[in-house]
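To keep things clear, I will list the structure first and then write my remarks on it.
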Amino acid sequence: MQKIVYIDLDGVVADFEKGRKGHSMGNITPYKGNPDKLPGLFKDLDPIEGAIESVNKLLDAPQFDVYFLSTAPWDNPEAWMHKRLWIDQHFETKKIRKRLILSHQKHLMIGDYLIDDRKNNGASEFRGEWLHFGSDSFPDWVSVLDYLNKI
Ligand SMILES: [Mg+2]
């Protein structure tokens with residue numbers, strides 16, 4: 001049986017921090033301290049190092065059924081669209097088509113693994129195994145792939 005793997009976007013595949021810091025309106029009201037609302041932020045994020053190749057390996061692996069599971073800011077509806085466009089821009093369309101789930105309730109998803117950098121939006125209550133990206137156990141994509149390859 002395939003193992004279901006969910007992959008968060010911001011801080012795991014897309015470099016939200018770099019995008020936030022580099023955004024031209026990051027220091028003005030009402031965006032200062034509220035980066036989730038920055039216009040176009042989610043459309044132009046750079047990928048995290050090693051993320052695209054690593055996710056492609058998982059997408060190609062017959063033992064895994066892979067989905068993106070991200071939260072888009074409720075008060076920034078364009079972010080919902082931009083996340084959909086972002087994965088299409090960075091991955092082969094046929095591999096990722098209809099594999100994006102946007103939710104504030106990640107704990108409701110049924111699956112085996114969730115790769116996520118934060119406990120928010122239900123990640124820490126996920127009923128499969130949470131691979132805490134950026135933690136000492138999973139500091140980067142090399143460590144995540146090493147772990148999943150041993151399954
Ligand atoms: Mg994240």
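Quick note: numbers below take in every heavy atom, side chains included, and nothing from hydrogens, waters or symmetry partners. In this chain, residues are counted from 1 in sequence order. Counting convention: from 1, in listed order, for ligands and their atoms alike. Here the structure is a predicted model, which means the values were calculated and not measured.
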Exercise. Say you draw a straight line from CH2 of W130 to CZ of F138; how long is it, rounded to the nearest 0.5 Å?
Worked result: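 So the gap between those two atoms works out to 11.0 Å.
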Exercise. Tell me, which protein N/O/S atoms are under 2.8 Å away from the Mg ion (ligand 1)?
Worked result: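 Protein N, O or S atoms closer than 2.8 Å to the Mg ion (ligand 1): D8 OD2, D10 O, D117 OD1.
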Exercise. According to the side chain to side chain donor-acceptor pair (under 3.5 Å) rule, which pairs have a member within residues 138-151, sequence neighbours left out?
Worked result: E129-Y147, D140-S143
For this session: State whether D65 and K3 are salt-bridged, where the test is any N-O pair (Lys NZ or Arg NE/NH1/NH2 against Asp/Glu carboxylate O) under 4.0 Å.
Result: no
Side chain proximity check, [X] to [Y], heavy atoms < 4.5 angstrom:
X	Y	answer
I115	V5	yes
I96	F68	yes
N120	T71	no

